[in-house]
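See below for the structure under consideration.
Sequence positions, counted from 1, serve as the residue numbers for this chain. Every number for a ligand or one of its atoms is a count from 1 in the order of the listing.
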Amino acid sequence: MNLSPFRALLAGALLAAACSDAAGPFATTRPPATTDAASTTTAAPSSTTTTFAATTAPATTSTAGTASSLLAGLGDPYFPTLGNAGYDVEHYLLDLVVDPEDNFIRGEATITAAATSGLEAFHLDLLGLTVDAVAVDGAPAAYSRDGAELIVRPDAAIPAGEDFVTTVAYHGTPENLFTLGFPLGWVDTGDITYVVAEPDAARTWFPGNDHPSDKAAFTFRLTVPSGLTAAANGTLVETAGAGEATIFVWEMDRPMATYLATVVIGDLVLIEQEGPGGVLLRDYLPADMGDQLPGPLLRVPEMLDFYVALFGPYPFAEYGHAVVPGLPGALENQTLCVFGREVLESHAGGFGRPTVEEIVAHELAHQWYGNSVTPATWNDIWLNEGFATFAQWLWVERDLGREAYDATITGNHGFLAEAPHPAPGDPGPSGREMFHYSVYLRGGLTLHALRVEVGDDTLFAILRAWAARYAYGNGSTPEFIALAEEISGADLGALFDAWLYAAEIPPLP
Ligand code: TRP
Ligand code: ZN
């Protein structure tokens with residue numbers, strides 16, 4: 001895979017230095033699950049092209065004008081057709097029989113949701129794959145497909161306020177999206193299969209409400225050929241042999257955005273240890289990497305201690321990484337980051353240190369900022385990337401000292417000032433804009449500017465309050481600004497306006 005476009009795209013944080021599907025397993029619907037059940041900016045900016053013009057919004061579906069068009073998409077500023085109105089998902093059970101050899105899945109998704117309005121029909125997001133049957137509350141339901149919308153018409157309307165259970169049986173080879181210029185979704189490397197979906201590819205491997213504002217608990221029931229390991233978010237609650245296959249059941253009982261759901265399948269070695277505060281640290285490495293954790297991952301316990309002290313309790317019961325070949329970056333999937341092997345094994349350095357370690361810190365920080373507290377809409381992506389980048393610089397400060405932090409701040413500011421870039425508070429809807437280095441670096445500098453303005457004690461009180469008050473939920477930029485003003489007692493409108501929204505980067509405070 002060619003790294004350079006991605007390097008330019010994600011210079012800020014990631015690469016600064018850089019079964020058989022026997023025909024019948026899902027013939028009958030199942031009962032609903034009880035869910036208890038850059039660093040341093042050292043990357044050369046020169047090749048980056050910055051696009052300021054907003055791209056055209058995706059066309060609305062052909063149901064426009066009918067009642068159901070109101071249900072097709074939540075009107076996200078960047079992805080207007082993602083997500084669906086009228087209900088709120090509480091739980092997904094994803095029961096997948098996987099044949100990695102043919103990259104074929106046979107799935108049954110059981111989606112428990114609460115109707116937020118009366119529903120004669122509702123939409124799910126699903127792109128590609130073949131739908132075999134849909135049922136609502138156990139009764140077969142009519143359905144149709146329109147682009148990436150799966151439109152379901154239950155026999156009887158669902159009354160507002162009621163819980164309902166939808167099952168979707170489906171199969172096929174998931175298609176990949178190239179929103180960021182490399183394959184997103186269910187990615188088959190011919191060796192390991194992994195899911196990286198941010199921002200818009202969760203809908204390519206399961207039907208759901210694919211918008212970060214609708215977070216839900218997940219259960220994964222993964223049937224894979226025996227000898228292979230299947231990992232997913234959360235807790236491994238069951239492993240069972242079933243003849244030629246092994247079934248792995250994983251539970252994520254905390255609310256999770258669809259884009260953070262992940263599965264990793266392959267010949268994997270598990271390395272487990274108990275981390276600070278009883279957090280289970282589990283890492284999955286390709287079998288040929290041996291059974292020793294790569295150096296940058298060895299510092300995770302220290303990083304976890306450090307971030308707990310600064311940000312408050314770690315939000316989940318587990319943490320770790322799945323290392324996969326070919327991915328030109330790392331993604332903070334909830335409790336199980338997916339980390340590109342070549343990135344992890346590179347020795348690219350920024351300011352004389354292994355930047356890989358900063359990426360490790362960055363992904364860990366996302367568990368608070370992005371995963372527990374999730375942007376309500378995609379235009380607030382700086383709440384993820386700016387925060388994780390700032391957190392990564394705090395690790396630099398703690399590890400190498402204040403001078404290294406200051407050099408990072410100055411270096412990144414100088415780098416940004418050299419060339420026009422999108423304002424991080426509203427970078428634009430394309431993948432290139434959303435994950436532009438400005439979102440990372442100028443987003444991170446926004447929190448540095450806030451630090452200088454209010455002082456360390458107040459800054460960390462704000463960051464802790466943000467993680468606590470919006471834990472397991474969604475937050476928006478106006479809500480963050482309001483919280484910062486509430487805790488500091490200062491009027492911070494001008495500061496955030498200048499750092500987040502002005503075309504020109506402000507001078508360093
Ligand atoms: N959120 C990632 C980060 O921490 C960037 C990213 C978005 C990504 N989508 C991805 C990385 C998909 C790998 C695969 O910076
Ligand atoms: Zn990030």
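- Within the 4.0 Å heavy-atom cutoff, Ala330 counts among the residues contacting ligand 1.
- Residue-ligand proximity, Glu363 to ligand 1, at heavy-atom distances under 4.0 Å covers atoms 3 (C), 4 (O).
- Here is the list of ligand 1 atoms found below 4.0 Å of a heavy atom in Tyr440: 2 (C), 3 (C), 5 (C), 15 (O).
- With the Zn ion (ligand 2) as the vertex, OE1 of Glu385 and NE2 of His366 span 100° to the nearest 10°.
- With contacts defined as side-chain heavy-atom distances shorter than 4.5 Å, the pair Leu236/Glu318 does not qualify.
- When heavy-atom distances to ligand 1 are checked against a 4.0 Å cut-off, Leu184 comes that close only through its side chain, counted from C-beta outward.
- Under 4.0 angstrom from ligand 1, the non-hydrogen atoms of Leu180 all belong to its side chain.
- Residues Thr377 and Asn379 bring a donor and an acceptor atom of their side chains to less than 3.5 Å of each other.
- More than 12 heavy atoms of other shown residues, nucleotides or ligands fall within 6.0 angstrom of atom CD in Gln273.
- Neither the backbone nor the side chain of Pro328 has any atom closer than 4.0 Å to an atom of ligand 1 (non-hydrogen atoms only).
- Here is the list of ligand 1 atoms found below 4.0 Å of a heavy atom in His362: 3 (C), 4 (O), 15 (O).
- For the residue pair Asp305 / Tyr314, no side-chain donor-acceptor distance below 3.5 Å is found, with atom types taken as modelled.
- The structure places NE2 of His362 at 6.0 Å from CD of Glu332, a figure rounded to the nearest 0.5 Å.
- Taking a 4.0 Å cut-off on heavy atoms, Tyr259 fails to register as neighbouring ligand 1.
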Practice task
Please test Glu397 against Arg402 for salt bridge (Lys or Arg N to Asp or Glu O under 4.0 Å), starting from the C-alpha separation and ending with a verdict.
Solution key: CA-CA 5 Å; Glu397 178 177 346; Arg402 180 72 192 205; 3.7 Å; yes
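- Under the rule for a ring-ring contact (aromatic ring centres under 6.0 Å, His included), the partners of Phe220 that lie at least two apart in sequence or sit in another chain are Phe218.
- Near Val196, the atoms of ligand 1 lying under 4.0 angstrom from a non-hydrogen atom of the residue are 14 (C).
- For ligand 1, the atoms lying closer than 4.0 Å to a non-hydrogen atom of Phe435 are 7 (C).
- Near Glu332, the atoms of ligand 1 lying under 4.0 angstrom from a non-hydrogen atom of the residue are 1 (N), 2 (C), 3 (C), 4 (O).
- Ile265 approaches Pro100 most closely through the heavy-atom pair CG2-CG, 4.3 Å.
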